[in-house]
2 protein chains.
Amino acid sequence: MSDDGKMPVKCSGEEWCPLTATANMMSKKWHPVIIHRLLDSGSSGFNELKDEVGGVSSKVLSESLEDLEEKNIVNREVISEKPFRVKYSLTERGQELESTVQEMIKWGEKNLKQADE
Amino acid sequence: MSDDGKMPVKCSGEEWCPLTATANMMSKKWHPVIIHRLLDSGSSGFNELKDEVGGVSSKVLSESLEDLEEKNIVNREVISEKPFRVKYSLTERGQELESTVQEMIKWGEKNLKQADE
DNA sequence: CGGCATCCACATGGATACTG
DNA sequence: CAGTATCCATGTGGATGCCG
């Protein structure tokens, strides 16, 4: 009833609404790219992900991943202790962001140019 | 070739990419709601929009609209001088954000609850 | 009605260095 | 490898009041 093309969702005042909630979730600078990279790769280690994202510092990546973990978008798994290794991947909830990410990419490709900003 | 289900888009390093560009565009707190409200209403005056959005101050709404104007998402038109009136509406580019907004709403409805935050 | 001016608080991110 | 610790600059938004 909410995906029939109409927009019954109102986001007024202090009321909770799915739009602002989702926006709030994606609003940190590196979140969309992190999600996109994990959608693409399936899973990555910390520094591996850092390279794939590119331009992000350890501190910020660490903070972002922690935030995404709390929100159940990203899953962190320690896969080895000897040489210490972890594996980041998307939860089911995280994978369901794929269509949103795709729409953002489509819109950006169609409507923005590098020169714009 | 980019909407066939695959994800050829890479967003590494300092390179420009449509995902981060779009994310950057939507990243201010009230932008998504403003766009959503204008998609819904077609057009609104300043204070009318302020009420529809709810909870935003004049200053911030003004800044947001100015930002969205610069990015050619929102159109501002003065429709009367005697009693001074303006009309804000979405540009074509802005209207094309509908599917992105819809995906965000769908995801939020499915995956978030009010209690979550 | 449709803003702008001010001031302030806090969130966010970058650079760099260091650790188990 | 996978982070943490500092420090600092800037971004972003809220409250309030005033103006043409």
Side-chain angles (χ1 to χ4, degrees), chain A residues 11-15 19-21 23-35 37-38 41 43-71 74-89 117, chain B residues 11-15 19-21 23-35 37-38 41 43-71 74-89 117:
Chain A
C11 291
S12 293
E14 312 300 327
E15 305 161 27
L19 214 208
T20 48
N24 186 43
M25 231 249 8
M26 301 280 288
S27 68
K28 284 195 180 173
K29 181 167 182 178
W30 299 100
H31 285 199
V33 196
I34 291 171
I35 292 165
R37 295 291 77 214
L38 288 176
S41 68
S43 69
S44 303
F46 186 86
N47 285 315
E48 188 182 359
L49 188 53
K50 184 168 178 249
D51 290 341
E52 285 176 348
V53 169
V56 64
S57 71
S58 311
K59 180 202 148 199
V60 174
L61 179 58
S62 180
E63 284 171 356
S64 300
L65 287 169
E66 199 175 340
D67 187 49
L68 288 169
E69 265 187 270
E70 279 172 16
K71 287 163 173 159
V74 158
N75 195 33
R76 177 181 184 269
E77 193 184 349
V78 177
I79 57 172
S80 154
E81 291 285 0
K82 264 271 295 204
F84 188 55
R85 271 167 197 285
V86 297
K87 186 177 82 177
Y88 289 99
S89 57
E117 28 214 313
Chain B
C11 293
S12 294
E14 313 301 327
E15 305 160 28
L19 213 207
T20 48
N24 186 44
M25 233 248 16
M26 302 279 288
S27 69
K28 283 195 181 173
K29 182 167 180 178
W30 300 100
H31 284 200
V33 197
I34 292 170
I35 292 165
R37 295 291 78 215
L38 288 176
S41 68
S43 68
S44 304
F46 185 85
N47 285 315
E48 187 182 359
L49 188 53
K50 185 170 178 244
D51 290 342
E52 285 175 348
V53 168
V56 65
S57 70
S58 312
K59 180 203 147 198
V60 174
L61 179 58
S62 179
E63 284 171 355
S64 301
L65 287 169
E66 197 175 342
D67 187 47
L68 289 169
E69 265 186 271
E70 278 172 16
K71 287 163 175 160
V74 158
N75 195 32
R76 177 181 185 268
E77 193 184 349
V78 178
I79 57 172
S80 154
E81 292 283 1
K82 264 270 295 203
F84 187 55
R85 273 167 196 284
V86 296
K87 186 176 84 175
Y88 289 98
S89 57
E117 23 215 311

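Keep in mind that the numbers below use all heavy atoms, side chains included, and drop hydrogens, waters and symmetry copies. Labels below follow one simple rule: chain letters A, B, ... track the order of the sequence lines, proteins then strands, and each chain is numbered from 1.
Nearest heavy atoms, A/Ser89 versus A/Ser43: CB-CB, 4.0 Å. Residues A/Ile34 and A/Ser64 come closest through the heavy atom pair CD1-CB, 3.6 Å.
Residue A/Glu66 contributes atom CD, which lies 15 Å from atom C1' of C/dA11 at whole-angstrom precision. Atoms CD1 (B/Ile79) and P (C/dC1) sit 13 Å apart, rounded to a whole Å. Look at OH on B/Tyr88: it is 7 Å from C1' on C/dG2, rounded to the nearest Å. In this structure, the CD atom of B/Glu52 is 14 Å from the P atom of C/dC1, given to the nearest Å. We find that NZ of A/Lys50 is positioned 11 Å from C1' of C/dT16, with the value rounded to whole Å. Between the P atom of C/dG2 and the CD atom of B/Glu69 lies a distance of 14 Å, rounded to the nearest Å. Summarising the geometry, the separation between CG on B/Leu61 and C1' on C/dA5 is reported as 17 Å, rounded to the nearest angstrom.
Note on B/Ser62: a side-chain N or O is less than 4.0 Å away from OP1 or OP2 of C/dC4. The phosphate of C/dG3 has OP1 or OP2 within less than 4.0 Å of a side-chain N or O from B/Arg76.
The closest side-chain heavy-atom distance from B/Phe46 to B/Leu65 is below 4.5 Å. Side-chain contact between A/Trp30 and A/Leu61 is absent, with no heavy atoms from C-beta onward closer than 4.5 Å. Contact annotation: the side chain of B/Leu38 approaches that of B/Ser44 to within less than 4.5 Å [non-hydrogen atoms, C-beta and beyond]. With a 4.5 Å cut-off on side-chain heavy atoms, B/Asp67 and B/Lys28 count as touching.
Contact footprint of chain A on DNA chain D: nucleotides with an atom under 4.0 Å from a non-hydrogen protein atom, first to last in 5' to 3' order, D/dC1 to D/dC7.
The end-to-end axis angle of the helix from C/dC1-D/dG20 to C/dG20-D/dC1, rounded to 10 degrees and based on five pairs per end, is 50°.
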Subject >> side-chain contact (heavy atoms from CB on, under 4.5 Å) evaluation trace for A/His31 with A/Met26 >> reply: CA-CA 6 Å; A/His31 285 199; A/Met26 301 280 288; 5.5 Å; no
Subject >> side-chain contact (heavy atoms from CB on, under 4.5 Å) assessment of A/Val56 paired with A/Lys29 >> reply: CA-CA 10 Å; A/Val56 64; A/Lys29 181 167 182 178; over 6 Å; no
Original post:
B/Asp51 and B/Glu48: side-chain contact (heavy atoms from CB on, under 4.5 Å), yes or no, with the steps?
Top reply: CA-CA 5 Å; B/Asp51 290 342; B/Glu48 187 182 359; 6.0 Å; no
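Residue A/Glu63 is the one, among A/Glu63 and A/Phe84, whose nearest nucleotide of DNA chain C lies closer to the 5' end (criterion: closest heavy atom). Residue A/Lys87 is the one, among B/Lys59 and A/Lys87, whose nearest nucleotide of DNA chain D lies closer to the 5' end (criterion: closest heavy atom).
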